[in-house]
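Accompanying notes for the structure given below.
From a predicted model like this one, the values you see are computed outputs, not experimental measurements.
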Amino acid sequence: MKGPSWWVWCMGMGIWVFGSQAGMAWAKQAEPIWAKQVIIYRDAWGVAHIQGPSLPAVVFGYGYVQAEDHFPLLEDLYMLALGRYSQVHGPRGLNSDLLNRAFRVVPLAQREYHELPPKDRQVVDAFVAGINYYLQTHPEEPTPFLKRFEPWFPLAFSRQVAVELLHRYSDLHHNYVLRRNPAPATFGGSNAWAVAPRRTASGRALLAAMPHQPLFGLGMLYEVHLVCQGKWNFFGVGLLGAMLPSMGHNEHLGWAMTTNEPDVADLWRVVFDHPQDPLLYRYAEGYRRAESWKETVLVRQGRRLQSRQVEFRSTCHGPIVKQEGPRTFLAMRIAGAMDSRIMAQTVAMIRARNWEEFYAALRQGHYPIFNFIYADRWGNIAYVYNGRVPRRSTQFNWRQALDGSDPRTQWQGFHSLDELPQVVNPPSGYVQNCNNSPFFTTEEGNPDPKQFPSYMFRDAHWDLRRAKRSRQILGQLKQATFEQMCRLVFDTKMYWAAEALPRYKEAFQELQKTHPQLARRVKPLLEHLLEWDGRCTVQSTAATLCEAWYRRMYGQGYPGEVLLPRYESLEDQFRALVEAARELRASYGSWKVPWGQVFRIQRPAQVVPDLYAVRFDDRRSSLASPGVPGPLGAIFTHYYTPVLPLGWLLGQRRRYAVVGASYLGVYEFGPRVRGASLVQFGTSGRPQSPHFFDQAHLLVKRQLKPELFYWSDVVREARWVYRPGERWRRVDSSAAPSAPSPTVTKDTVF
């Protein structure tokens, strides 16, 4: 992955400066035009329904409402993308800034902006223009770092998200969040289901999307309804800061996404041992020259900024990311980390009208990872294991750092989508993925693992309990209804409890003979668990005891389904139950503690850059959460802050959700699409907004809100209406402004 020589880079930067300034000037002139073309309705939950005559106009509105609802966090996320995170958050942000500079996120985004096709550049310009128009029309908005957004910022954000998400695939370390402190190691995945018409009462396909994103900071999802007048209609969610939503549905089809584990990153051991030139590293029979450059990183120290100069190197294998010895370094290459053309693929997916068009969009291959679960109005369902998987020589162990001097270790292109596992319309009548292996997708019709190279997957043998529980649920459906599916996404039956407790009941008989004293201590605890139906409710005390027992035996890591070595014997497992009860008694005064007394949802008022920066407070209001940590095998998933030995002394005895059910969506596809959904807290990030925490009340009651998908329903049911830059006005159907008729002008390419 050798970068351009510096003179080419400088020439490109010169061209970019002229092109970017021209684009900014044109976008600024177009801002009031787009603002007049766009109409925004807000429904009873504050969800923005945006209509415009062209894709740029709609995306302009999308940028505007993101800033309107979340500007402080949006600014924070873009500072991360610009490699200036430690300028905001101090040393905690330094790791991200160094990775940003090593992978040249900013200069590559700047160059790419100039190289975009005109129609794509227009969309980027429009999104940024929407944010800037919000700032222009709201001068009271504090902008401590970014007074105006540049058109290449979203491209840098896309690249940074890829780097943040994919760096761990190198196995250099296993942190799921780069900006890591000694804090909760709680990480989840996602669930997604598609059910064929043969299993539904209506004869229509059903789709359920259940992403488990961080509930705070980078990774938060934003729900929106985008309508390009007379062309397409899309309802869904995407990352806050992204130019388009990434999952949801249009009039014809929909899709959900879950994280998968294709092997998309590798490390090479590179030796710099030339006697005269320190930039030459061994390669083949000779040497190659690494690129070297210096970057200045500003790190906040209290109220002052400290300047640090850091030297970077990049080789044909990618940037240097770690030094092992005086002359030995590790270089990292991540497939797809430098590809920010996701926008073009997302547009094609949003506009797809059938399976063939959707699959053609997936073939573009710009999403570096993710499973796609699909359903449409013609009754098709599908699962696609997507990934930017390199072709590799089978002579080497790709789980270890490779010899960087051996040319045979170079990647040999990438596998096409057709070469990856997929399931289309299986005989079983359903597909599911809960971050499990593609070879355990359904009951009948799974891909054959022998047909794929072993180096392709890191998750080939993962059959997680959420997936097993999903197959139980879906395999029993016969006349499934939309309403039933809306209930099932909140299922809290713990697969581990249902499978393990009967075995412990049998083992207890032997324990009474071999360890009678221990058995007497175990007996009331095990009896309490055996009287329980295995479902989590906020009133359940058995659920609390079960979670404490499980966590002691399996730890708090992810995926967290491997028994810790010290609990391999049944005797030690029973001792763990006694220890779990002792822990609960010490923290709460009794081992019979209602789940909802311990497990809560709270949203602090301050801007939270990532889940590790959240400061919860037992004295502030919160809601009882019935969500269950994923390793226990429940569908409705929440991961919580850990039990801290000093937590109760510091006034925090409760455990708060930080990752999990960040969006729930259920869709039914027929002549008319039907949908219901929610986001974990609410549409707005403004504490003074009524939509800051309103959907959390739905979440804890296990209810979804109905979608307003067709424009006539939006106009009839919405509460507020306005155009960008205007004050919100209560909807009066007789006085509400109508959307302009689509006309073909310079800014209506689509």
Side-chain angles (χ1 to χ4, degrees), residues 1-3 76-112 152-181 183 187 214 217-219 239 241-242 259 264-270 290-300 306-324 329-340 342 368-369 388 401 404 609-613:
M1 194 168 62
K2 190 171 183 180
D76 189 88
L77 294 174
Y78 274 58
M79 287 294 286
L80 172 69
L82 299 180
R84 296 169 56 188
Y85 212 57
S86 51
Q87 181 180 337
V88 182
H89 298 288
R92 186 168 55 83
L94 189 58
N95 283 346
S96 285
D97 286 349
L98 295 180
L99 202 64
N100 176 286
R101 310 300 178 93
F103 279 88
R104 299 177 180 175
V105 168
V106 168
L108 287 175
Q110 292 170 336
R111 187 179 68 183
E112 183 193 12
W152 51 269
F153 281 11
L155 303 179
F157 177 75
S158 179
R159 289 179 182 275
Q160 184 68 23
V161 167
V163 170
E164 293 267 339
L165 180 64
L166 302 176
H167 75 281
R168 65 183 177 85
Y169 286 76
S170 67
D171 288 330
L172 188 60
H173 54 75
H174 297 282
N175 296 350
Y176 279 62
V177 176
L178 192 64
R179 302 167 306 288
R180 183 167 186 169
N181 289 334
F187 302 99
L218 180 66
L239 290 180
T259 304
V264 296
D266 287 309
L267 292 170
W268 285 263
R269 186 165 286 108
V270 183
E291 293 184 50
S292 176
W293 71 98
K294 293 182 179 180
E295 297 264 2
T296 299
V297 181
L298 297 178
V299 182
R300 182 169 296 281
Q306 181 186 80
S307 178
R308 300 188 188 183
Q309 193 172 64
V310 183
E311 182 176 356
F312 295 89
R313 293 183 187 179
S314 186
T315 71
C316 65
H317 302 297
I320 297 295
V321 293
K322 183 179 180 180
Q323 183 170 359
E324 286 191 319
F329 299 79
L330 292 179
M332 179 193 298
R333 188 175 182 186
I334 304 173
M338 295 294 96
D339 184 353
S340 64
I342 287 177
I369 60 170
R388 191 92 165 126
D610 60 59
L611 62 91
Y612 290 116

Salt bridge (charged side-chain N to carboxylate O under 4.0 Å, His left out) partners of Asp266, counting only residues at least two apart:
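Expected list: Arg392.
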Where [X] and [Y] come nearest, the two heavy atoms and their spacing:
X	Y	answer
Ala109	Ala156	CB-N, 3.5 Å
Ala81	Val106	O-CG2, 4.0 Å
Gly217	Leu77	C-CD2, 4.2 Å
Ala335	Leu166	O-CD1, 3.7 Å
Asp97	Gly83	OD1-C, 3.1 Å
Gly90	Val299	C-CG1, 3.8 Å

Residues that [X] engages under side-chain contact (heavy atoms from CB on, under 4.5 Å), provided they are two or more places apart:
X	answer
Ala331	Val270, Thr315, His317, Ile320
Glu311	Ser292, Lys294, Arg313
Gln87	Met79, Arg84, Phe145, Leu298, Leu305

Going from [atom1] on [X] to [atom2] on [Y], what distance comes out if it is rounded to the nearest 0.5 angstrom?
X	Y	atom1	atom2	value
Leu218	Leu239	CG	CG	7.0 Å
Phe329	Lys322	CZ	NZ	12.5 Å
Glu112	Ser158	CD	OG	7.5 Å
Phe312	Leu99	CZ	CG	9.0 Å

Got a sec, which residues hit side chain to side chain donor-acceptor pair (under 3.5 Å) with Asn100, two or more places apart in sequence or on another chain?
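Scan of Asn100 (side chain to side chain donor-acceptor pair (under 3.5 Å), adjacent residues dropped) gives Gln160.
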For Arg101, what residues pass the side chain to side chain donor-acceptor pair (under 3.5 Å) criterion, not counting sequence neighbours?
Glu295
Look only at the side chain of His167 and the backbone of Glu164, and say whether a donor-acceptor pair between them is shorter than 3.5 Å.
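Side chain of His167 to backbone of Glu164, a donor-acceptor pair under 3.5 Å: yes, one is there.
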So do the side chains of [X] and [Y] get within less than 4.5 Å of each other, counting heavy atoms only?
X	Y	answer
Glu291	Arg104	yes
Pro368	Ile342	yes
Arg308	Thr296	no

Could you go through Tyr85 and Asn95, starting from their C-alpha distance and side-chain angles, then the distance that decides it, and tell me whether this counts as side chain to side chain contact (heavy atoms under 4.5 Å, CB included)?
CA-CA 9 Å; Tyr85 212 57; Asn95 283 346; over 6 Å; no
Going by the rule ring-ring contact (aromatic ring centres under 6.0 Å, His included), which residues pair with Tyr78 if we only count those two or more places apart in sequence or in a different chain?
Phe149, Phe157
